[in-house]
Amino acid sequence: MNPVEIEEAVSNLALEPFDRAEFPFQFLRAFGSKDTAIQRLRAGNTNQTDVPGAILQRGNIHIAACDIGGVDETLKALRESPKTASQKAKFILVTDGEVFQAEDMNGGGTVACAYAEFPDHFGFFLPLAGITTVEQIRESSFDIKATGRLNKLYVELLKDNPDWASRSVDMNHFMARLIFCFFAEDTDIFLSGGLFSKTIEQMSARDSSDTHLVMAEIFRAMDTKPENREVAGIKPYARKFPYVNGQLFSGSTECPRFSKIARSYLLHISSLNWKKINPDIFGSMIQAVADDEERGALGMHYTSVPNILKVLNPLFLDDLREKLEEAGDNGRKLLNLRHRMAKIRVFDPACGSGNFLVIAYKEMRSIEAEINRRRGEPDRRSDIPLTNFRGIELRDFPAEIARLALIIAEYQCDVLYRGQQEALAEFLPLDSQNWITCGNALRLDWLGICPPTGTGVRVQAKDLFETPLDQAEIDFENEGGETYICGNPPYKGTKGQTTDQKSELESIFECYDGSFKVLDYVSGWFVRSAEYLRHTFGSAAFVSTNSICQGNQVPVLWPLISSLGSRISFAHTSFKWANLASHNAGVTVIIVGIGVSPEERRLYIEQDGSSVCKVVDNINAYLVPSRNIIVEKSSIPIHGLGQMVLGNQPYEGGFLILDTQELEDLNINSEGREKIIRKIIGSSEVVNGSERYCIWVEDTNRSYAMNIPTVRERIENVRVWRNASSRPATNAMSNRPHQFCEMKSPKSSVMIIPIRSSENRPYLPIGLYDNTATVSNLAYAIYDGDLFNLSIISSRLHLVWISTVCGKLETRFSYSNKMGWNTFPVPTLTEQNKADLTRCAEGILLAREAHFPLTIADLYDPQKMPEDLRAAHERNDEVLERIYIGRRFQNDTERLEKLFDLYTKMVGKGGPKKGKRKAA
DNA sequence: CATCCGACAACAC
DNA sequence: GTGTTGTCGGATG
């Protein structure tokens with residue numbers, strides 16, 4: 001269940017008559033408990049309670065419904081019940097149908113309210129539904145509720161007005177107007193409370209036939225100055241509404257028709273308390289309403305405030321706060337800071353519903369309010385112009401919402417810091433300027449949308465971009481100010497991009513060298529930012545997929561950013577992005593800030609759920625606090641040791657590869673097994689010791705294989721499958737369906753290195769196999785190589801290199817021959833060195849053998865690694881590291897530093913030359 | 001022709 | 001269910 005569905009279920013429960021016996025089960029069901037789980041609780045099987053009449057679901061909640069007046073006593077019993085702790089209950093809850101009390105057992109506070117009001121606190125209990133990731137959401141009950149109600153209205157209106165489905169821009173604008181009206185009538189902006197809904201209710205017919213007309217008239221009034229209303233013939237009932245304008249009410253005032261149901265939804269929504277809206281949170285929730293694909297996950301795509309602050313704080317807010325701290329009570333310094341802040345622009349070129357902008361605005365207002373307080377000017381009008389908060393958003397509805405969210409944020413800040421009177425006095429009419437541009441950020445000219453101050457910029461802009469400058473060009477109140485670019489642009493991988501998106505990247509990258517096609521879509525925002533920062537003072541930071549700072553993409557993107565004059569000013573290493581979705585495997589992201597001349601570099605690392613900050617001398621493109629080095633992939637090993645190649649690509653649709661059962665089912669004799677069946681080894685086989693086989697038919701055995709019906713059928717299936725592929729190279733192989741794409745085999749032995757493997761092991765997995773093994777495309781192989789190669793790959797040094805230089809899948813290791821093995825810096829090895837390392841490799845293999853049949857997964861589990869194996873690796877590291885520096889390295893930082901140093905020497909000075917602008 | 005990747009995907013536990 | 005950990009084949013250079 002998503003939060004919106006839960007809210008609805010909880011609200012419905014509160015409307016039903018209180019049923020003491022049923023309440024605990026009803027409550028659990030509202031939070032998504034399955035019927036089977038509830039039945040088992042009801043039967044007592046899983047009810048762990050030791051309090052009479054209570055229900056205790058392990059790991060979840062201890063809940064009781066009691067006689068009237070017994071709440072305090074029962075709550076005490078639950079709190080003191082040893083079972084509450086031992087069964088790890090997250091909550092205790094007691095109600096008698098009049099009073100409702102609950103406690104979060106993990107120190108998250110309490111709820112005490114009248115029974116009828118408990119749905120307002122449903123956010124408190126969201127962990128019951130597995131939604132734990134976002135702390136703020138507990139205070140966002142209103143936003144979830146409003147999102148659910150508005151969604152219902154939206155769907156209903158589309159049902160009643162099929163023609164509006166193709167007019168999404170009008171529909172979105174209409175919804176934004178409605179939200180504004182709901183907010184305005186609850187905050188006295190409309191002078192008398194409830195003016196909007198009361199007018200609709202009283203002036204429109206109960207059968208809803210003219211609701212849209214009454215509403216249109218009200219909208220028309222809000223777009224007409226009071227002095228013109230007489231002439232415009234505005235109906236008297238609409239004249240009570242203030243003049244709002246601000247683009248929100250300009251343009252067509254047409255409204256969709258309302259059914260009776262839609263009209264009642266409308267009136268119901270208006271009864272919510274819109275004062276409580278959180279414009280940052282609400283916006284990101286509501287934007288799913290207008291998106292067919294996202295509607296199922298309503299309320300889930302919520303970017304948490306702490307994550308947004310991970311971008312904004314290091315980008316510029318921390319600095320402002322430090323300056324505030326420094327200023328103390330010095331009036332002059334405070335004034336300077338206020339002047340500076342008035343000129344700061346925040347620009348989010350992927351702003352969605354504007355939550356980065358809203359949060360930046362709110363945080364700045366909070367700092368400004370402190371300045372004004374210290375200067376004894378608490379009522380002072382804000383010097384921070386809303387027009388300095390700009391965004392670009394592709395989708396129309398979020399763009400509307402973003403604009404609205406900023407307006408609401410401004411009003412709420414005014415109320416908070418200056419008081420209701422002052423806020424009201426200056427709120428209307430709205431500024432008619434549009435700060436949120438609806439369009440494609442990678443096609444639009446940022447300099448046009450967020451023009452830097454100074455001279456000559458316009459000319460340079462035309463030089464840089466071929467995009468026509470037909471966008472709104474509005475002057476900023478920021479002469480001499482700073483610009484901070486921020487946001488969470490979309491990531492698409494290298495393959496997930498549409499043709500349009502690829503061509504957008506092409507238009508950005510065509511004037512540079514380098515193969516942009518390996519880059520993630522998000523890299524467009526970084527390059528655009530670096531270009532922009534050449535023209536103005538400021539910096540940029542985005543949330544991004546971590547892959548732009550790994551493997552393949554590094555040598556393309558970062559030399560280019562560097563050649564544009566930007567450096568990494570701060571970074572947050574990989575962490576899981578969290579939103580409200582409970583099954584939020586999510587993505588692993590980084591935050592990277594770039595600037596032209598950063599004063600200091602801060603590196604944030606996620607540890608035990610919080611970010612630890614280190615001030616470092618430099619942050620390189622791998623987000624490592626070390627020298628600026630770019631490791632280019634190499635097709636030959638720079639160390640001159642063994643050749644490592646990819647295993648055999650099958651391209652067989654599953655017909656040539658067999659598990660043990662499928663091998664049995666083939667029903668072939670031992671001669672056949674000898675001739676055409678081999679063991680196949682991929683990542684999982686090396687790590688977990690599992691067994692798979694493959695049909696492996698040398699051309700000389702082809703007719704033999706085709707004479708076995710079960711084998712023939714599989715081979716025929718491969719032919720069909722390869723023909724059906726959209727990939728020409730696969731089609732071309734359909735004339736030899738009995739074979740893999742390649743047919744590489746070891747003569748005597750093969751070392752096999754899994755491509756993907758867990759990051760939790762202290763050493764990389766590698767297996768040594770005899771010549772009966774076939775290597776799959778999920779592993780690399782060194783065929784018939786010297787054993788000391790195994791020693792090197794098994795070393796801590798190598799793991800450190802691979803984990804830094806190669807790509808990752810989330811945070812998994814992702815081995816690469818060209819990027820990791822061929823580039824691995826090794827000093828020239830003497831024959832003695834090689835002999836020593838070979839002995840170390842043998843030691844490792846022997847130690848593993850001593851624990852047969854434990855697998856690599858068992859042996860290298862950091863908790864369970866056997867002492868003798870650990871000792872063998874220590875010896876191996878000792879011998880290898882002595883070859884590098886004559887002693888053991890102290891830590892991984894030192895290892896990496898030495899490896900970078902040696903790499904630089906081995907590939908020669910200068911390094912990669914990519915990323916420069918093409919000579920015209 | 002040989003990688004390298006996945007706003008992942010499919011397992012175990 | 002959720003924590004752990006590597007499939008598979010297409011796009012790419």
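Chain letters run A, B, ... following the sequence lines, proteins first, then strands; residues in each count from 1.
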Look at the side chain of N488(A) and the base of dA7(B), then say whether one donor and one acceptor between them are separated by less than 3.5 Å.
-> yes

Report yes if a donor N or O on one partner sits less than 3.5 Å from an acceptor N or O on the other, where the partners are the side chain of E742(A) and the base of dC1(B); otherwise report no.
-> no

Pairs under 3.5 Å (N/O, protein and nucleotides 11-13 of chain B):
none

Whole-Å gap separating [atom2] ([N]) and [atom1] ([X]):
X: D520(A); N: dC8(B); atom1: CG; atom2: P; answer: 12 Å
X: M819(A); N: dC5(B); atom1: CE; atom2: P; answer: 4 Å
X: E810(A); N: dG6(B); atom1: CD; atom2: P; answer: 10 Å
X: Y491(A); N: dC5(B); atom1: OH; atom2: P; answer: 18 Å
X: N817(A); N: dC1(B); atom1: CG; atom2: C1'; answer: 13 Å
X: K808(A); N: dG6(B); atom1: NZ; atom2: C1'; answer: 16 Å
X: L646(A); N: dC4(B); atom1: CG; atom2: P; answer: 9 Å

Gap in Å between the two [atom1] atoms, one belonging to [N] and one to [M], rounded:
N: dC8(B); M: dC4(B); atom1: C1'; value: 15 Å
N: dC5(B); M: dA9(B); atom1: C1'; value: 14 Å
N: dA7(B); M: dT3(B); atom1: C1'; value: 23 Å

By nearest nucleotide on DNA chain B, pick out whichever of R812(A) and Q550(A) is the more 5' one.
-> Q550(A)

If each of Y815(A) and P489(A) is mapped to the nucleotide of DNA chain B with the nearest heavy atom, which maps nearer the 5' terminus, i.e. the 5' end?
-> Y815(A)

Candidates I715(A), N723(A), V720(A) - the one meeting side chain to side chain contact (heavy atoms under 4.5 Å, CB included) with P737(A) = I715(A)

Has [X] got its NZ or CZ under 6.0 Å from the middle of the six-membered ring of [Y], at an angle within 45 degrees of the ring axis?
X: K818(A); Y: Y780(A); result: no
X: R727(A); Y: Y651(A); result: yes
X: R42(A); Y: F25(A); result: yes

Taking a pair as Watson-Crick (N1 to N3 plus N6-O4 or O6-N4) or G-U wobble (N1-O2 and O6-N3), both under 3.5 Å, which stems of 3 or more consecutive pairs involve DNA chain B?
-> B:1-6 with C:8-13, B:8-13 with C:1-6

Residue whose closest nucleotide on DNA chain C lies nearer the 5' end, K34(A) versus V687(A) = K34(A)

Would you check if the distance from the ring center of H639(A) to the ring center of Y903(A) is below 6.0 Å?
-> no

Reading nucleotides 8-13 of chain C from 5' to 3' and marking B where a protein heavy atom lies under 4.0 Å of the base, S where only the sugar-phosphate is that close, and - otherwise, the string is BBBBSS

Near [X] [atom1], under 6.0 Å, is it more than 12 heavy atoms from other residues, nucleotides or ligands?
X: K679(A); atom1: NZ; value: no
X: R40(A); atom1: CZ; value: no
X: K88(A); atom1: NZ; value: no

Heavy atoms only, 4.0 Å cut-off, all strands: where does [X] land among base, sugar-phosphate and nothing?
X: S547(A); value: sugar-phosphate
X: R761(A); value: sugar-phosphate
X: Y780(A); value: sugar-phosphate

Return the orientation label for the W525(A) and Y521(A) ring planes: parallel under 30°, perpendicular over 60°, tilted otherwise.
-> perpendicular

Just how far is it from atom OH of Y783(A) to atom NZ of K747(A), taken to the nearest 0.5 Å?
-> 11.0 Å

One should read off an interatomic distance between N355(A) CG and I281(A) CD1, to the nearest 0.5 angstrom, of 9.0 Å

Salt bridge or not for D35(A) and R29(A), using N-O below 4.0 Å?
-> yes

